[in-house]
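These notes concern the structure reproduced below.
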Amino acid sequence: MIASAAAAQEVPRAVDDSLAAALRAADAALRAGRSDEAIEGYRRAQALLGIHLTYARPDRFYYEEGAAIHRGLARAYLDAGDAHAARVEAERGLNLDPEDSRLLAALGGALYRSGEPAAARAALEAALAREPDLAEAHWALGRVEIAGNRLEPARARAGRALELEARPRYARDFARYSALAGDHGSAARALRTWERLAPASAERDTLERLRAFYEASARERLLRMDRPVVRAQVNFDLVPGDEVPYVPVRFADGETVYVLFDTGAGWNVIDRDFARSIGVDPIWPGASLVGALGSSPGGYGIVPRMEIGGLEIGAVPFVVGDFEALRLRGRGAYRIAAVVNPALLFRDHTVVFDYRHRRIEIHRFEPGSPGYAERATRQRKTATPFLFDANGVWPVLLVRIDGSRELPFVLDTGASDVLIDRATASALRVSPAGIVVEVGEHLTQGIRPLLLDGRPGVLEGIEVRGILGFPFFRDKRLAFDYRSMVLTVED
């Protein structure tokens, strides 16, 4: 009997040891960035926890170990790009420990990636109320701020995260937000920090060249609008087969050329030969550009001046590429000299794409005055919020497909089609005969989408499920109010 009792006491102790070892191994895999291995390790620990509960002592319920497993799974699923699974694990962990700051931070990160910034903010602020120096919560709040086009709060959050914990992604986000704000000096310093933290990264050469450009242009006053214009207007053309806006723009003192206005562009891009012809010098070396139709050596330059419908902008940063190699020259007489994302130029304006009358309007409303959505019109219109993805320029809209729950889509004026990622289309059982796209109270019927292998979007950004292109825009007026982050759709 004595031997049997001793043996019985050894069982829980052995299981305790194996659970602790499994958790240590999973934690190590997570810290090393091996998310799949970490998920497998936490699941193994979860199985061992079941054995614990079978052999548990009356005074042990293993809440702490259970919360640690859910916390690790939530963070691993976030790293693996599965926001829904991360949200489920975080919520299960909070059922065990509602005060766990890291579980609240993981929940906030999952909610942000699902396109729910208000709920994400609440969870992240709750995490910081319990642990004010939690770097991951500050970083995730920076993403929430950039989603609402709040540049300075986004920079402050990313900067605070970097002060608390030297991690490459914190440095990279601070560099990105600083560049969007026109502060190339701070962006360059942040990228130097990134280089120190990620010496073996595959992106090292790319970001070293970008940092060199930021350092060289740090003293330049960028994106100058010396004579603010309240309203500007310019017509555009739609070329059959492309259905993207070809906008006449004048660069420097040269001739007027066509530019694509593309809300899905990550950078403003200019053709190398054309850039040289208007006196862009120097052109700093950059990483290779890869487009949908080709690739090209890249570079960086600053265009001294450009004019759009009477609105002049000085010192505009551009990525430089060979449009012939990228197959972006255009069609027939329509020769493209550049691609411009209006979010990179007009962050405190409203930009209207009028597809029926083929014109672009740029409005600047004074602070405190009614925005575009509040102004009376005779047309039927609906206003709905939109977000910026983690790069701070791609507009993301929550839409319903055939009555589904709201799903994040990029609103891309440079896309000729509507596209849905294959997994989402399969889950929704999308009909090849056409779908119904619902934005707020606005419905568009009969759209035939193309399928995407993989999801568009930014690494660790909002989980975008597809792209809304021209079939959705046809015959509509779309007003992007970047100040209030509201999209107005008019028929």
Is there a donor in the side chain of R189 and an acceptor in the side chain of S186, or the other way round, less than 3.5 Å apart?
-> yes
Test item: side-chain donor near acceptor, R155 and S178, under 3.5 Å = yes
So, the side chain of [X] versus the backbone of [Y]: is there a donor-acceptor pair under 3.5 Å, distance only?
{"X": "E65", "Y": "L19", "result": "no"}
{"X": "S431", "Y": "A433", "result": "yes"}
{"X": "R204", "Y": "E195", "result": "yes"}
{"X": "D421", "Y": "G466", "result": "no"}
{"X": "D389", "Y": "W394", "result": "no"}
{"X": "H138", "Y": "P132", "result": "yes"}
{"X": "T263", "Y": "T413", "result": "yes"}
{"X": "R192", "Y": "A188", "result": "no"}
{"X": "R209", "Y": "G286", "result": "yes"}
{"X": "N149", "Y": "R347", "result": "yes"}

Hey, is [X] close enough to [Y] for a salt bridge, meaning N to O under 4.0 Å?
{"X": "E460", "Y": "R172", "answer": "no"}
{"X": "R150", "Y": "E145", "answer": "yes"}
{"X": "D417", "Y": "R448", "answer": "no"}
{"X": "D173", "Y": "R169", "answer": "no"}
{"X": "R43", "Y": "E89", "answer": "yes"}
{"X": "E243", "Y": "R474", "answer": "no"}

Should we say atom [atom1] of [X] is surrounded by more than 12 heavy atoms from elsewhere, each under 6.0 Å from it?
{"X": "E165", "atom1": "CD", "value": "yes"}
{"X": "R327", "atom1": "CZ", "value": "no"}
{"X": "E125", "atom1": "CD", "value": "yes"}

How long is the gap from [atom1] on [X] to [atom2] on [Y], to the nearest 0.5 Å?
{"X": "E490", "Y": "D475", "atom1": "CD", "atom2": "CG", "result": "13.5 Å"}
{"X": "I39", "Y": "R44", "atom1": "CD1", "atom2": "CZ", "result": "12.5 Å"}
{"X": "T350", "Y": "L487", "atom1": "OG1", "atom2": "CG", "result": "10.5 Å"}
{"X": "R92", "Y": "I69", "atom1": "CZ", "atom2": "CD1", "result": "12.5 Å"}
{"X": "D481", "Y": "H349", "atom1": "CG", "atom2": "NE2", "result": "11.0 Å"}
{"X": "S18", "Y": "L23", "atom1": "OG", "atom2": "CG", "result": "10.0 Å"}

Should I420 and L407 be marked as a side-chain contact (heavy atoms from CB on, under 4.5 Å) after you check the CA-CA gap, both sets of side-chain angles, and the distance that decides it?
-> CA-CA 11 Å; I420 303 178; L407 301 169; over 6 Å; no
Any side-chain heavy atom of [X] sitting closer than 4.5 Å to one from [Y]?
{"X": "I401", "Y": "V437", "result": "yes"}
{"X": "F473", "Y": "F353", "result": "no"}
{"X": "V489", "Y": "L478", "result": "yes"}
{"X": "Y42", "Y": "D27", "result": "yes"}
{"X": "D183", "Y": "L222", "result": "no"}
{"X": "V316", "Y": "V340", "result": "no"}
{"X": "Y112", "Y": "R121", "result": "no"}
{"X": "P317", "Y": "L223", "result": "yes"}

For side-chain contact (heavy atoms from CB on, under 4.5 Å), just list the numbers for L107 and R87, CA-CA rounded to whole Å, side-chain angles, deciding distance to a tenth of an Å, and then say yes or no.
-> CA-CA 5 Å; L107 176 61; R87 178 176 182 172; 3.9 Å; yes
With under 30° as parallel and over 60° as perpendicular, where do the rings of F386 and F388 fit, or are they tilted in between?
-> perpendicular
Give me the atom names and distance for the closest heavy-atom approach of [X] to [Y].
{"X": "P449", "Y": "V430", "value": "CG-CG1, 4.0 Å"}
{"X": "A325", "Y": "S296", "value": "CB-CB, 4.1 Å"}
{"X": "V418", "Y": "L468", "value": "CG1-CD2, 4.1 Å"}
{"X": "L124", "Y": "G109", "value": "CD2-N, 4.3 Å"}
{"X": "A415", "Y": "I467", "value": "CB-CG2, 3.9 Å"}
{"X": "L151", "Y": "Y177", "value": "CD2-O, 3.8 Å"}

Evaluate side-chain contact (heavy atoms from CB on, under 4.5 Å) for L419 paired with F409, printing each intermediate quantity in order.
-> CA-CA 9 Å; L419 303 100; F409 273 62; over 6 Å; no
Please name the residue in the list L94, L103, D97 that meets the side chain to side chain contact (heavy atoms under 4.5 Å, CB included) test with R71.
-> L103
Within 45° of the axis and under 6.0 Å from the centre of the six-membered ring of W139, does NZ or CZ of R167 qualify?
-> no
Start with the C-alpha gap between R102 and E131, add the side-chain angles, then the distance that decides, and say whether side-chain contact (heavy atoms from CB on, under 4.5 Å) holds.
-> CA-CA 9 Å; R102 294 179 185 272; E131 190 176 345; 3.4 Å; yes
Taking the six-membered ring for Trp, are F480 and F346 ring centroids under 6.0 Å apart?
-> no
Run the ring-centre check on H84 versus Y77 and record whether the distance is less than 6.0 Å.
-> no
